[in-house]
Number of protein chains: 2
Amino acid sequence: MGVTENQSSAKLTRKEQIENTATALFKERGFSATSMRDLASEVGIEAASIYAHVRSKEELLQSICFKMAQEFFGELAGIEAQPVTFTQKLRLIMAAHVKLITRNVAASAVFLQEWRHLSEPHLADFLQLREKYEQRIRTLVRQGIEAGEFVPTDDRFVTRTLLSSLNGITQWYKLDGELSPEAIANGLADLFLTGLVSHKDDRPKYH
Amino acid sequence: MGVTENQSSAKLTRKEQIENTATALFKERGFSATSMRDLASEVGIEAASIYAHVRSKEELLQSICFKMAQEFFGELAGIEAQPVTFTQKLRLIMAAHVKLITRNVAASAVFLQEWRHLSEPHLADFLQLREKYEQRIRTLVRQGIEAGEFVPTDDRFVTRTLLSSLNGITQWYKLDGELSPEAIANGLADLFLTGLVSHKDDRPKYH
DNA sequence: TACGTAAACTAACGTTCGTTAGGTATGCCA
DNA sequence: TGGCATACCTAACGAACGTTAGTTTACGTA
């Protein structure tokens, strides 16, 4: 039946139920392909009744996008200031990013994919936030390069690749999956920092 | 069927114009948020006139998705059979993937993001193709691990991460950008194979 | 018991959607 | 020259859209 498992719906307000269900539907079908009647039917009420709790369809999207943006920024601030190597900072950021995404896969997916349906001026605000987030990670990468910790590469390109991998998690992560968020974070960090190629001095021989 | 079948690549048929414009709009606004009237207006005709060239809106999406799927599979076959190391095979696949994406960013983006709006049975067919593609890359990764070329890791996870990075290119690549497809392919391969951390024996010290 | 409020309902609004029907101008070929 | 196909047009269909208005129901409190 339901797209959402509002397991303890007794504890949730109607508004929260609506928001959670909207998040799940927006992720699954996309914002534009989700109608207020779809949403209402999933919640178990009529479409018109939604407007007792929410001003508009787009307000739901705004709420999801900006709430997630705020969460992502929150993680960042605590990490940048720590007195550790850039390698370790990058590990911490990856771990925080993964934790946030896996804790709320649907909201993250909406945040990452459906923001383009925001109308102005929210769209411009949102894009500015995104740009700032990427910039701050890019700065860390650049500093790591300048410090000699990282191989000299294009910091913008590395950052984008890193973020693609992190954000791609929303597309395959399942709560009942075999990989824990911690395992994912470590796997990602190892992959990006030390690479896939085996570094034994004797390289693999083919026979 | 007329004598004047269009062979020239310079001049596009109306149908091709419609398909190209649809691809661009589907990427930019998403399939659901793009109306036939939007598409028609962009092409410079009336919405109803589109149906002289195309059966339905969804046929446009099907055409884009399955054409791209076919192209991706085409690249794969030639690489798997080559008598080179798995490392080199992975490099070749990454290069081919990047080339394909950068050659047609919009179609790739639609292929990667809008497929969920396909209706059955096309959706099931499409998902099967996607699954097969991932599986074949995963097999290469696993073989590389078994051969000792790659560090022992979760091949499924590594493949997903790799594909996320590759597919993420559609989100930031611009034709007039500073990075060439070749540079992107090499950068990606280096990053995934040898990692970000500098491997000089004297590691940077922090105090 | 009466009242106020919140949250649901039914009905409907104006708009937009994908798509079809039917007509018209243009150009090729018998 | 006449006939026919192509490619466009206008008009309109029924359905679905987001949203509003007005009404009913359920319930805690005076």
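Only heavy atoms go into these numbers, but all of them, side chains included; no hydrogens, no water, no symmetry mates. A, B, ... follow the sequence lines: proteins, then strands. Residue 1 opens every chain.
Phosphate contact (OP1/OP2 of C:dC9, side-chain N/O of A:S49, threshold under 4.0 Å): present. In terms of phosphate contacts, A:H53 brings a side-chain nitrogen or oxygen within less than 4.0 Å of OP1 or OP2 of C:dA8.
Counting any heavy atom pair closer than 4.0 Å across all strands shown, A:S32 reaches no nucleic acid atom.
With rounding to whole Å, A:E46 atom CD is found 8 Å from C:dT10 atom C1'. Whole-Å rounding puts the B:L25 CG to C:dG18 P distance at 12 Å. In this structure, A:M36 atom CE and C:dC9 atom P are separated by 14 Å, rounded to whole Å. In this structure, CD1 of A:I18 is placed 11 Å from C1' of C:dA8, rounded to the nearest angstrom. Rounding to whole angstrom units, OH of residue B:Y51 and P of D:dC13 are separated by 18 Å. Atoms CG (B:L39) and P (C:dG18) sit 9 Å apart, rounded to a whole Å. Atom NE2 in B:H117 sits about 15 Å away from atom C1' in C:dG18, given to the nearest Å. Rounded to an integer number of Å, the gap from CD1 of A:I50 to P of C:dA7 is 14 Å.
Checked against D:dT20, D:dT10, D:dT19, the side chain of B:A48 finds its nearest nucleotide in D:dT10. The side chain of B:K57 lies closest to C:dG18, out of C:dT20, C:dC9, C:dG18.
For the residue pair B:E16/B:T13, the side-chain donor-acceptor check at 3.5 Å is satisfied.
In this structure, B:Q128 places its CD atom where only 12 or fewer heavy-atom neighbours from other residues, nucleotides or ligands lie under 6.0 Å away.
Here the side chains of A:L90 and A:M94 are in contact, with some heavy-atom distance below 4.5 Å.
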Worked check of side chain to side chain contact (heavy atoms under 4.5 Å, CB included) between B:E75 and B:I93: CA-CA 8 Å; B:E75 299 277 7; B:I93 285 180; over 6 Å; no
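Summary of the strand contacts: B:R37 and B:R14 both lie near DNA chain D, and taking for each the nucleotide with the nearest heavy atom, the more 5' one is attributed to B:R14.
Relative orientation of the B:F31 and B:F26 rings is perpendicular, given thresholds of 30° and 60° on the angle between their planes.
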